[in-house]
Amino acid sequence: MRFNDAIVGAVFMLLAGVMIAITFTFPPFPGQKYGPSLFPRILAGGIILCSAFLILRGWKARRDSGDPWLELAGWIREPRRVASFALMLAAMVFYLLASDPLGFIPTAFLIQLVLFLWFGVRPVTAVLVAVGMTIAVQYFFGNLMRVPLPRGILDSVL
């Protein structure tokens with residue numbers, strides 16, 4: 001599936017506008033002329049500028065060669081590939097909903113295991129890689145990077 005650049009640019013411009021709007025809720029730093037909203041606003045300004053170029057390029061391509069607004073890829077006609085795409089989206093939603101009550105480790109393990117099995121990895125290999133990657137990601141983000149990953153049901157163990 002391919003969207004015309006004008007549509008992609010408009011979506012990113014809208015998201016950058018939302019990002020700027022959210023920064024108005026950030027508290028200022030006392031005694032400083034700038035605060036935590038400065039960097040997101042600079043970033044959003046850059047996104048808006050790049051989005052404007054995308055919109056212009058999309059309009060020009062549509063005008064010059066008649067490019068469609070949306071072009072469906074061949075995989076959209078294959079049910080298994082559509083299901084794979086939907087499963088990836090479902091995995092993200094599952095993580096958002098389940099990571100707090102279950103915790104990062106069980107949630108990440110379950111997501112990886114389901115995806116590995118769906119994509120045809122042998123069960124023993126799927127379990128071993130899911131365990132190994134879950135431990136590696138937990139160690140990297142939780143210990144080295146100090147990202148507070150949700151503990152969930154393992155709160156008393158961790």
Side-chain angles (χ1 to χ4, degrees), residues 1-3 5 7-55 57-58 73-76 78-158:
M1 181 179 329
R2 184 183 182 287
F3 289 96
D5 285 343
I7 293 174
V8 175
V11 169
F12 276 112
M13 192 176 280
L14 177 68
L15 291 174
V18 170
M19 192 164 121
I20 289 173
I22 289 171
T23 64
F24 286 104
T25 65
F26 293 177
F29 280 151
Q32 291 187 358
K33 293 182 182 180
Y34 57 88
S37 63
L38 178 65
F39 182 69
R41 287 180 187 169
I42 291 171
L43 186 63
I47 292 171
I48 288 172
L49 183 66
C50 292
S51 297
F53 286 122
L54 271 177
I55 291 169
R57 190 169 89 176
W75 67 266
I76 202 81
E78 298 177 35
R80 178 137 175 105
R81 288 189 177 189
V82 173
S84 296
F85 179 76
L87 187 60
M88 295 300 292
L89 295 177
M92 288 185 259
V93 171
F94 177 72
Y95 181 81
L96 291 173
L97 297 175
S99 63
D100 276 338
L102 285 180
F104 172 79
I105 293 174
T107 306
F109 172 76
L110 287 172
I111 288 171
Q112 289 179 85
L113 183 62
V114 167
L115 290 174
F116 284 145
L117 294 174
W118 174 260
F119 288 113
V121 176
R122 289 178 292 165
V124 172
T125 305
V127 169
L128 292 175
V129 173
V131 167
M133 287 306 300
T134 300
I135 291 169
V137 170
Q138 167 67 35
Y139 177 74
F140 180 77
F141 285 102
N143 295 1
L144 296 178
M145 301 297 291
R146 302 278 186 208
V147 174
L149 297 172
R151 295 176 182 231
I153 60 176
L154 299 176
D155 192 31
S156 61
V157 177
L158 301 174

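Atom set for the values below is all heavy atoms of this structure, side chains included, hydrogens, waters and symmetry mates excluded. In this chain, numbering begins with 1 at the start of the sequence shown.
Counting heavy atoms from C-beta outward, S84 and W118 have side chains that approach closer than 4.5 Å. Inter-residue side-chain proximity for P150 and F104 is flagged as met; some heavy-atom pair is nearer than 4.5 Å. Residues M92 and I111 have side chains not in contact (no heavy-atom distance under 4.5 Å, counting atoms from C-beta outward). Contact annotation: the side chain of F94 approaches that of L102 to within less than 4.5 Å [non-hydrogen atoms, C-beta and beyond]. Residues L89 and V93 are not in side-chain contact: their nearest non-hydrogen atoms beyond the backbone lie 4.5 Å or more apart.
When all heavy atoms of F116 and A130 are compared, the closest pair comes out as CE1-N, 3.9 Å. The two residues T23 and R41 make their nearest non-hydrogen contact at OG1-NE, 2.8 Å. The two atoms that bring P40 and P36 nearest to each other are CD-O, 3.2 Å, heavy atoms only. When all heavy atoms of P123 and L117 are compared, the pair lying nearest together is CA-CD2, 3.8 Å. The two residues V129 and Q112 have their closest heavy-atom pair at O-OE1, 4.4 Å. The minimum heavy-atom distance between M13 and I48, with the atom names listed, is CE-O, 3.6 Å.
Here NZ of K33 is found 13.0 Å from CG of L38. Values are rounded to the nearest 0.5 Å. If you take CD1 on I22 and OG on S37, they are separated by 12.5 Å, rounding to the nearest 0.5 Å. Taking CG of L149 as the reference point, atom CG of L154 lies at 12.0 Å (rounded to 0.5 Å). Here the CG atom belonging to L54 is positioned 10.5 Å from the CG atom belonging to L49, to the nearest 0.5 angstrom. Between the OH atom in Y95 and the CG atom in L110 there is a gap of 12.5 Å [rounded to 0.5 Å]. Interatomic distance, CZ of R81 versus CG of L87, reported as 15.0 Å (0.5 Å rounding).
Classified by interplanar angle (parallel below 30°, tilted 30° to 60°, perpendicular above 60°), the ring pair W75/F85 is tilted.
By the neighbour-count criterion of 12 heavy atoms within 6.0 Å, atom CZ of F12 is sparsely surrounded, having that number or fewer from other residues, nucleotides or ligands. Within a 6.0 Å sphere centred on OH of Y34, other residues, nucleotides and ligands contribute 12 heavy atoms or fewer. Heavy atoms of other residues, nucleotides or ligands lying less than 6.0 angstrom from CZ of R146 number 12 at most. Counted within 6.0 Å of CZ on F39, heavy atoms from surrounding residues, nucleotides or ligands total 12 or fewer; the atom is thus considered open.
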